[in-house]
Amino acid sequence: MTLVRTDAAARAAVRTHDLDAVVVGAGGAGLYAALELKQDLGPQARIGVISKLYPTRSHTGAAQGGVCAALANTEEDHWEWHWFDTVKGGDYLVDQDAAEVMCRDAIETIIKLEHLGLPFDRTPEGLINQRRFGGHTRNYGEGPVRRSCYAADRTGHAILQTLYQQCIRAEILFYDEYQVVDLAMPGGPDGGVSGVVALQLATGEVHSFRARAVLFATGGFGKIYKVTSNAHTLTGDGVAVAWRRGLPLEDMEFFQFHPTGMYKLGFLLSEAMRGEGGILLNGEGERFMERYAPTMKDLASRDVVSRSIYQEIAEGRGIDGKDYVHLDVRHLGAQVLNEKLPDMSGFIRTYFGIEPLTDLVPIQPTAHYAMGGIPTDIDGRVLADELGQTVPGFYAAGECACVSVHGANRLGTNSLLDILVFGRRAGIAMAQELRSAADPEPDLEAELAVSRAVSELRGRQDGERAATIRAELQELMFTKCGVHRSGRLLEECRSEVRALRERARHLVIDDKGCRYNTDLVEALELGFLLDCAEATVESAVARMESRGAHAREDCPERDDAAWLKHTFAFRDPDGGDARLAYKPVTVTKFEPKPRVY
Ligand SMILES: Cc1cc2nc3c(=O)[nH]c(=O)nc-3n(C[C@H](O)[C@H](O)[C@H](O)COP(=O)(O)OP(=O)(O)OC[C@H]3O[C@@H](n4cnc5c(N)ncnc54)[C@H](O)[C@@H]3O)c2cc1C
């Protein structure tokens, strides 16, 4: 009797919103999709963007170095070269049809962004200026090319501000500081998605957003690692929600470590610092990348540079024998540092208290980017399985999605490009589907389940705190499922992640209140992190080769005969091993070759 009354009360307390389409996430991917949707469907369309952060605080705003397109503004370049670099950068795990779309569309996308108002840096002739970035080459690998378009070292900030202003102008509805915790999927994946369930952070109330189409653009999950460039909020919420709902996650074993994180802090020092001429030095003052990548040197792809740094450290050539090396930008001079890299130079001065013009900067690889995520086709439609079945009404774009254009390792500046190209394409496809989609069917069970889970957490008096388990998870993933992996470490990691999951069933929160309950939010986010970590390690244990960011001591070679395929991991609802399926890689032009830089 009590239970019935409680459920009825909980249901009555759920606030509902009826929209045409819901976009979850207000980073570059979500905003561009929303803008496109609104433009396609016209002023009457009710397009809502839900974001747990105030939109301009999304991680896109932290992107520094640039967004690439073969504009050839400062030297010869072709989109086909960019396409090749992307495929090679991804260690041939890239779907080449998708990468072709991205590299070809890049040029139009950048020009369109400029017309939307993005203040790019200029050449003396007034064209969009371009600089070098790792793995971007001329003529299929002959040497570095200037392909990254940038607004100083605040490119993401400029993109986010530009798109947000355009969205406000288009009268898109914003639901700021609402955290989505579940999908409305009343009939399972075949029946499609009909909205989302969210918590309003300011009040603690449960809101149900009903819509005929939903896009997840919730960003990455770099907070599964201890040393990371990712913001505190990058906890993989969308990725985890899809996984819990029985949908697959693709290529989760590939997580990029960026070579130049600030030592111990993890904050990113953009590749633009090397793009402008910065070099890496070991403890003997040697420019060691010349040995590992004779052509591209410090601008080899990120997985190669990060592994080389670890190799130097392992062989005792870290600085003073410790676990870091130096980034040397002294020779770039005051003008480059202060005008082209002002934020980076400021970080170094503020956080290390040293002067980049005269001092060497301590760096170590930092967890940076999720190549894997929710599988989609090239129009953002979420895939329900490895055979290409799609989920009606459900889309994903940006870092939470896997198209796959980054394969086993993403090239710098290709992520901002990915969110723009595929965010926009998803918006266009959603608009098309909306013209004929049926009215949404509510998922009352999901609404109720969220209310129940929240009251249970609030009501519990004893248990462990989320922060303790999170810290252990981050340490574990960093040491056992990071840059260097082995079968033994991965197996240990898997069983330890499971043990942490068990402990996380009994979390206690100190704040029992409703308003901005960050204690509650962190408990929910820990659940998402554990899901992402589990899918990552499960996929990594199974892949018996080394490719891109997945480097195993016990199987050091790439094995195309057995492993030129995408992993699709499905959660086991009973908590056992994930079910793994595989999907062939689409190879259209570039046959896999050994990868040298
Ligand atoms: C420090 C740094 C520098 C980078 N520099 C570059 C660069 O120079 N070039 C490049 O190409 N790439 C760069 N990247 C990578 C790139 O910035 C990101 O991959 C990209 O911006 C991700 O965009 P997104 O739209 O997918 O997600 P994000 O911009 O991360 O936005 C995610 C959105 O989802 C919302 N959200 C998440 N969970 C929920 C939830 N449960 N409910 C509601 N809302 C939710 C958040 O509020 C946010 O609005 C960098 C990344 C970092 C961390």
Side-chain angles (χ1 to χ4, degrees), residues 22-34 49-68 131 133-134 148-151 153-160 163-164 174-183 196-201 207 209 215-223 228-231 233-241 256 258 260-262 266-272 275 302 343-344 347 366-371 373-374 396-401 406 410-420 422-423 426 521 524-525 528:
V22 163
V23 170
V24 185
L31 293 181
Y32 215 165
V49 174
I50 305 177
S51 177
K52 70 177 178 180
L53 301 172
Y54 186 75
T56 50
R57 299 187 69 91
S58 304
H59 197 72
T60 296
Q64 304 159 348
V67 49
C68 58
R131 65 174 155 221
F133 245 78
S148 166
C149 313
Y150 59 95
D153 52 3
R154 304 173 183 126
T155 314
H157 175 83
I159 290 176
L160 202 57
L163 290 174
Y164 185 51
F174 277 89
Y175 298 89
D176 299 338
E177 300 183 329
Y178 284 73
Q179 183 153 18
V180 168
V181 284
D182 202 0
L183 266 177
V196 294
V197 187
L199 279 184
Q200 184 177 10
L201 300 179
H207 289 245
F209 293 85
L215 171 84
F216 270 12
T218 52
F221 49 88
K223 284 312 260 188
T228 174
S229 69
N230 281 201
T233 52
L234 289 173
T235 46
D237 308 11
V239 173
V241 166
Q256 177 169 85
H258 191 295
T260 55
M262 295 178 82
F267 302 158
L268 192 71
L269 293 176
S270 171
E271 203 167 272
R302 290 178 179 172
D343 277 8
M344 302 297 92
F347 286 177
T366 185
H368 185 57
Y369 183 83
M371 269 73 74
I374 305 168
E399 191 169 337
C400 72
H406 308 303
R410 169 174 75 79
L411 286 192
T413 66
N414 262 351
S415 172
L416 288 179
L417 181 61
D418 165 1
I419 65 177
L420 297 170
F422 293 103
V521 165
L524 297 172
E525 288 177 344
F528 298 141

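All ligand and atom numbering here is 1-based and tracks the order in the structure.
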Exercise. Judged by atom type as modelled, is there a donor-acceptor pair below 3.5 Å linking the side chain of Thr260 to the main-chain atoms of Leu269?
Worked result: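 Yes, because the side chain of Thr260 sits within donor-acceptor range (under 3.5 Å) of the backbone of Leu269.
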Exercise. Backbone N or O of Ala272 within a donor-acceptor pair of the Ser270 side chain at under 3.5 Å?
Worked result: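 Yes; judged by distance alone, with no hydrogens or angles, the pair exists.
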Problem set entry | Neighbouring residues of ligand 1, heavy-atom cut-off under 4.0 Å |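 Within 4.0 Å of ligand 1, the protein residues are Val24, Gly25, Ala26, Gly27, Gly28, Ala29, Ile50, Ser51, Lys52, Leu53, Ser58, His59, Thr60, Ala62, Ala63, Gln64, Gly65, Gly66, Tyr178, Gln179, Val180, Ala217, Thr218, Gly219, Ser229, Asn230, Leu234, Asp237, Leu268, His368, Tyr369, Gly398, Glu399, Arg410, Thr413, Asn414, Ser415, Leu416, Ile419.
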Problem set entry | Output field: ring centroids Tyr164/Phe174 closer than 6.0 Å |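 Yes; Phe174 has its ring centre under 6.0 Å from that of Tyr164.
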Problem set entry | Salt bridge present between Arg302 and Glu271 (N-O < 4.0 angstrom) |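 A salt bridge is present here (some side-chain N lies under 4.0 Å from a carboxylate O).
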Problem set entry | Sidechain N-carboxylate O distance under 4.0 Å for Glu525, Lys52 |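 Here Glu525 pairs with Lys52 in a salt bridge, since their nearest N and O are under 4.0 Å apart.
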For this session: Identify, with sequence neighbours excluded, every residue that meets ring pair (Phe, Tyr, Trp, His ring centres under 6.0 Å) alongside Tyr175.
Result: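 Listed in chain order: His17, Tyr178, Phe209.
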